[in-house]
Number of protein chains: 2
Amino acid sequence: MIDTTTTWTIAQMADDYDVTHRALRHYEHLGLLAPDREGQRRIYHRRERTRLALILRGRRLGFSLEEIATILDMYDDQPGEVGQLRYLLSQIGDRRADLERRRRDIEDSLRELDELEQRCAEDVARLS
Amino acid sequence: MIDTTTTWTIAQMADDYDVTHRALRHYEHLGLLAPDREGQRRIYHRRERTRLALILRGRRLGFSLEEIATILDMYDDQPGEVGQLRYLLSQIGDRRADLERRRRDIEDSLRELDELEQRCAEDVARLS
DNA sequence: CTTGACCTTGGCGTCAACGTCAAGCAGGAT
DNA sequence: ATCCTGCTTGACGTTGACGCCAAGGTCAAG
């Protein structure tokens with residue numbers, strides 16, 4: 001069952017995901033996160049955590065926060081209209097192409113790394 | 001056979017790789033490229049082209065130019081000393097771990113994209 | 001009531017990765 | 001001779017993604 005009751009403070013979020021609270025506020029400022037308020041204090045629900053996880057993965061993959069914003073929008077509330085759905089499908093296609101290109105880049109890099117390692121290991125063997 | 005004679009101007013490089021000459025000079029300033037000179041003019045050889053390709057791939061993958069510099073160093077002139085070789089091997093390990101993490105991130109993203117697309121396609125089918 | 005921990009909103013600072021002039025050289029075409 | 005094209009070296013500007021205070025609110029513990 002999905003937990004919809006637990007909430008977190010900014011400090012817990014920062015701690016759990018290893019980001020600064022400054023970063024969290026920055027993401028909020030850009031509209032990537034929208035925590036509730038309890039008086040003045042931010043309170044983060046489940047939704048914000050999954051969004052933050054997406055943000056951080058996007059960052060690791062080298063997306064800009066602006067790109068990440070459009071990605072988050074894609075996952076947000078599904079549109080009920082066919083035109084919007086078609087648009088979303090095309091966006092998905094774009095994203096997929098992008099990711100697949102990156103994957104190719106990574107696999108090429110890994111292959112080259114393998115070669116280098118092998119040459120390197122041979123040299124070590126020869127010299128010792 | 002490998003071409004070692006052809007050379008290129010900064011404009012040709014910029015054109016071939018779709019970067020500005022400003023970027024090329026920037027990479028040179030950071031030591032990522034080191035074209036020869038013919039009088040004042042920069043002339044780029046084969047080596048610079050492969051390096052530039054590596055730089056751009058690194059950028060697509062979200063590496064900083066500083067990280068890219070260390071990657072390029074790895075591929076540069078193999079060290080002849082065992083200590084250096086061991087160090088290089090450890091660096092290779094680090095890089096590989098990094099790349100593999102990115103690959104996992106990408107594959108996760110692609111899977112989620114697939115799910116979203118499927119839900120989306122079902123909605124379109126239902127509505128039309 | 002004060003202290004301390006934790007939070008808030010500004011707002012300036014910084015670093016990377018270039019962009020964007022400005023001013024000038026060098027060599028071929030008119 | 002001058003013009004144009006393509007290059008050169010500065011050097012200041014910009015954008016993104018925060019870092020880093022300052023100044024103050026809130027609330028439980030002592």
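Per chain, numbering begins at 1; letters A, B, ... match sequence-line order.
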Q) Of B:Q40 and B:L65, whose closest DNA chain C nucleotide lies nearer the 5' terminus? A) B:L65
Q. What's the closest nucleotide to the B:L30 side chain, out of C:dA17, C:dT8, D:dT8?
A. C:dA17
**Q.** Electrostatic pair B:R37-B:E28, nearest N-O below 4.0 angstrom
**A.** yes
Q: Output the single nucleotide from C:dG10, D:dA17, D:dT9 whose closest atom is nearest the side chain of B:R25.
A: D:dT9
Q. Does NZ or CZ of B:R51 come closer than 6.0 Å to the centre of the six-membered ring of B:Y75, within 45° of the ring's axis?
A. no
Q.
Please pick, from C:dT9, D:dT8, C:dC7, the nucleotide with the shortest atom-to-atom distance to any side-chain atom of A:R41.
A. C:dC7
Q) In whole angstrom, what separates A:I55's CD1 from D:dC18's P? A) 10 Å
Q: For the pair A:R119 and A:D123, find out whether any cationic side-chain nitrogen is under 4.0 Å from an anionic carboxylate oxygen.
A: no
(Q) From C-beta outward on B:R42, which listed nucleotide comes closest to its side chain: C:dC6, D:dT8, C:dA17? (A) D:dT8
(Q) I want to verify a distance call: between C:dG19, D:dG10, C:dC18, whose nearest atom is closest to the B:T20 side chain? (A) C:dG19
Q) With respect to the side chain of B:R37, which nucleotide from C:dC18, C:dT8, D:dT8 is positioned closest? A) D:dT8
Q: Determine, step by step, whether B:R57 and A:S109 satisfy the side-chain hydrogen bond (donor to acceptor under 3.5 Å, both in side chains) criterion, reporting the C-alpha distance in whole Å, the side-chain angles of both residues, the deciding distance to 0.1 Å, and the verdict.
A: CA-CA 9 Å; B:R57 194 175 66 191; A:S109 301; 3.1 Å; yes
Q: Taking only heavy atoms on the protein side, list every residue of residues 66-73 of chain A lying under 4.0 Å from any atom of DNA chain C, sorted numerically.
A: none
(Q) Taking B:R103 first and then A:D105, would you say they form a salt bridge - that is, a charged N and a carboxylate O separated by under 4.0 Å? (A) no
**Q.** Nearest listed nucleotide, side chain of A:R22, among C:dA17, C:dC6, D:dC20
**A.** D:dC20
Q: Looking only at side-chain atoms of B:S64, point me to the closest of C:dA17, D:dA17, C:dT8.
A: C:dA17
Q. For the atom pair CD1 (A:I55) and CG (A:L65), what is the distance rounded to the nearest 0.5 Å?
A. 7.5 Å
Q. A:E38 has an atom CD; how far is it from atom P of D:dT26, in whole Å?
A. 13 Å
